[in-house]
Amino acid sequence: MTVDFTLDLLGESCPYPVIYTLETLRDMKKGQILQVISDCPSAFRNVPEEVVKHGYTMAQEPVKTSQQFSLFIRA
C-alpha cells in the first residue's frame, strides 16, 4: 500500500483529529490513501467512526505503537 499523504496530529486533542482528517480527505482524490498519526486516545475510536460515516473506508487495521497510532484511510 502506498500512502499518498500523511497527517501528523501528535499533540492534538479531540475533536481536532476528526476535524483535520475530514478536511484533508475532502481535498484528496478518490482512492488516495491518507495516513493519520495521533496520540489522542479518543481519536483511535472517533476518527474511524466519523470517516466511515462520511463515506470513506479504512484501508487497513490501525497500527498502534506505545502511545501513538496510525490510521490508514482511503479517500
Taking atom CD of E61 as the centre, does the number of heavy atoms from other residues, nucleotides or ligands within less than 6.0 Å exceed 12?
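Result for CD/E61: open.
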Side-chain heavy-atom pair [X], [Y] within 4.5 angstrom cut-off:
X: T6; Y: I37; answer: yes
X: V36; Y: F72; answer: no
X: V52; Y: T57; answer: no
X: N46; Y: C14; answer: yes
X: R74; Y: Y56; answer: no
X: L71; Y: Q35; answer: no

Only pairs at least two apart or in different chains count here, so list each salt bridge (charged side-chain N to carboxylate O under 4.0 Å, His left out) that has a residue in residues 6-26.
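Counting only pairs at least two positions apart or across chains, no salt bridge (charged side-chain N to carboxylate O under 4.0 Å, His left out) contact touches residues 6-26.
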Please check: side-chain N/O of D4 versus main-chain N/O of I33, any donor-acceptor pairing under 3.5 Å?
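Judged by distance alone, yes, a pair lies under 3.5 Å.
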Verify, without hydrogens or angle tests, whether D39 (side chain) and G11 (backbone) share a donor-acceptor contact under 3.5 angstrom.
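Present.
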Give me the atom names and distance for the closest heavy-atom approach of [X] to [Y].
X: F44; Y: K64; result: CE1-CD, 4.4 Å
X: H54; Y: E50; result: ND1-O, 2.8 Å
X: M1; Y: A59; result: SD-CB, 3.7 Å
X: A43; Y: S38; result: CB-OG, 3.9 Å
X: P17; Y: L9; result: CA-CD1, 3.5 Å

Distance from [X] atom [atom1] to [Y] atom [atom2], nearest 0.5 Å?
X: F5; Y: I73; atom1: CZ; atom2: CD1; result: 12.0 Å
X: D27; Y: Q32; atom1: CG; atom2: CD; result: 10.5 Å
X: C40; Y: Q68; atom1: SG; atom2: CD; result: 13.0 Å

Any residue meeting ring pair (Phe, Tyr, Trp, His ring centres under 6.0 Å) with Y16, in chain and number order, not counting sequence neighbours:
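Listed in chain order: Y20.
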Are I19 and V47 in one and the same hydrophobic cluster, where Ile, Leu, Val, Met, Phe, Trp and Tyr link if side-chain heavy atoms are under 4.5 Å apart?
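Both belong to a single hydrophobic cluster.
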Check for me, please, whether M58 and L34 land in the same ILVMFWY cluster - side-chain distances under 4.5 Å, paths through other members count.
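The answer is yes; both residues are in one hydrophobic cluster.
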